[in-house]
Amino acid sequence: MAIKDYIRERFFPHMWCPGCGHGIVLNGMLRAIEVLGLNKNDIVMVSGIGCSSRISGYVDFHTLHTIHGRALAFATGVKMSRPELNLIVPMGDGDALAIGGNHFIHAARRNIDLTAIVMNNRIYGMTGGQYSPLSGYGVSATTAPYSNIDQSFDIVELARAAGATFVARTTTYHVQELSNLIQQAIVHKGFSVVEVMSQCPTYFGRKNKEGGPADMLKRMKDMTTPIGSKAKQSHTELIERGIFVQKILPEYCSEYAGIIERAMKGH
Amino acid sequence: MGKSKLIKHIINRDWCKGCGICVEFCPQNVLELDEQDKVRTTRPESCIGCKLCELRCPDLAIEIHIKE
């Protein structure tokens with residue numbers, strides 16, 4: 001199937017700004033699904049609120065556009081009732097880790113078989129460029145005109161500590177890696193998290209004088225390095241990309257099926 | 001190798017928003033933005049079919065068809 005067969009063409013062109021990284025995530029994710037050859041009817045995409053969450057409107061799968069931060073909670077419900085379906089949960093950085101921070105860590109802890117894609121553009125774009133828990137120290141935002149004093153989360157470390165069994169990071173510049181990691185995350189049995197560093201030229205880029213979309217992509221290339229590269233040893237400020245965690249632990253739905261079986265014994 | 005390929009660029013002008021990402025990262029400078037800020041192919045003969053434009057387009061507005 002061509003990737004156009006996976007989208008709802010009637011809603012295009014999409015509502016994202018010119019050069020928005022979320023479109024690149026959509027592009028990469030569709031290619032991952034195309035390579036895996038998944039049936040559209042076997043995929044459920046659940047999203048919350050924000051620019052990133054509008055992604056669910058554009059794909060021709062089963063889609064749920066739910067409430068702010070609670071996409072993982074809805075996805076947990078769907079997965080528990082229909083464990084044979086593939087659940088993909090794209091979220092923004094604020095949606096996943098501020099409003100939905102608790103859902104995020106507990107979904108990771110349970111190791112339920114969902115694929116969480118965190119589209120991290122380090123800002124709340126839809127509401128006008130307020131800083132998020134991923135903006136980081138020293139960043140300018142509408143609500144931090146004299147620069148932000150909050151430290152940021154590290155999504156990879158947070159997901160790892162919370163118990164996610166697949167954790168990866170990439171950027172919208174590294175499109176082949178992006179598609180490849182999403183593919184592996186979907187295949188992984190357990191809670192998988194893919195952080196995609198994305199660009200918001202309209203707010204983050206403009207407030208922080210990072211130039212246009214292409215300039216922001218170049219920055220992404222320059223500020224990251226593959227895990228374990230030599231460059232990281234001499235330039236410790238570089239952000240690592242790749243797969244950080246990949247392990248097999250009991251999956252929540254399978255465990256629950258086991259509980260049902262035990263409870264029904266003798267009936 | 002490269003010369004035996006037949007490469008066709010299909011650009012959806014209605015979907016293109018003129019962000020310029022494809023133009024900037026094309027390794028062969030095949031693309032440019034026209035006066036309406038929509039992408040167009042100016043040097044199709046130089047295209048090596050790497051598809052980086054297609055993969056990086058946030059608007060799904062470029063398709064590269066390659067016939068070997």
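Per chain, numbering begins at 1; letters A, B, ... match sequence-line order.
- No part of A:Leu178 comes within reach of chain B, as not one of its non-hydrogen atoms sits under 4.5 angstrom from that chain.
- Considering every non-hydrogen atom in both B:Pro58 and A:Gly19, the closest pair reads CG-CA, 4.2 Å.
- Contact annotation for A:Lys4: only side-chain heavy atoms (C-beta onward) come within less than 4.5 Å of a heavy atom of chain B.
- Interface check for chain B: of the options A:Val175, A:Asn27, A:Thr172, the most heavy-atom pairs under 4.5 Å are formed by A:Asn27.
- Counting non-hydrogen atoms of other residues, nucleotides and ligands closer than 6.0 Å to CZ of A:Arg219 gives a total of 12 or fewer.
- For the atom pair A:Ile3 CD1 and B:Leu60 CG, the distance stands at 5.0 Å (nearest 0.5 Å).
- A 4.5 Å side-chain heavy-atom check between A:Ile24 and B:Leu55 finds every atom pair outside the cut-off.
- Atom NZ of A:Lys40 has more than 12 neighbouring heavy atoms from other residues, nucleotides or ligands inside a 6.0 Å radius.
- Heavy atoms only, all atoms of each residue included: B:Asp59 and A:Phe12 are closest at O-CD2, 4.5 Å.
- With a 4.5 angstrom heavy-atom cutoff, B:Glu54 touches chain A via backbone and side-chain atoms both.
- Remark: of the listed residues A:Pro18, A:Cys20, A:Pro213, A:Pro18 is the sole one forming a side chain to side chain contact (heavy atoms under 4.5 Å, CB included) with B:Lys17.
- Residues A:Lys218 and B:Phe25 form a side-chain contact, since some pair of their non-hydrogen atoms from C-beta on lies under 4.5 Å apart.
- For a residue to count as touching a neighbouring chain, one of its non-hydrogen atoms must lie under 4.5 Å from one of that chain's; by this rule A:Tyr173 touches chain B with backbone and side chain alike.
- Residues B:Arg56 and A:Leu217 meet the side-chain proximity criterion, which asks for heavy atoms closer than 4.5 Å.
- Under a cut-off of 6.0 angstrom, the local environment of CZ in A:Arg31 is crowded, with over 12 non-hydrogen atoms contributed by other residues, nucleotides or ligands.
- Using a 4.5 Å cut-off between heavy atoms, A:Glu9 contacts chain B through both its backbone and its side chain.
- The local environment of NE2 in A:His235 is sparse, with at most 12 non-hydrogen atoms from other residues, nucleotides or ligands closer than 6.0 Å.
- Here the straight-line distance linking atom SG of B:Cys19 with atom CD of A:Gln199 works out to 8.5 Å at 0.5 Å rounding.
- A 4.5 Å side-chain heavy-atom check between B:Leu52 and A:Gln176 finds at least one atom pair inside the cut-off.
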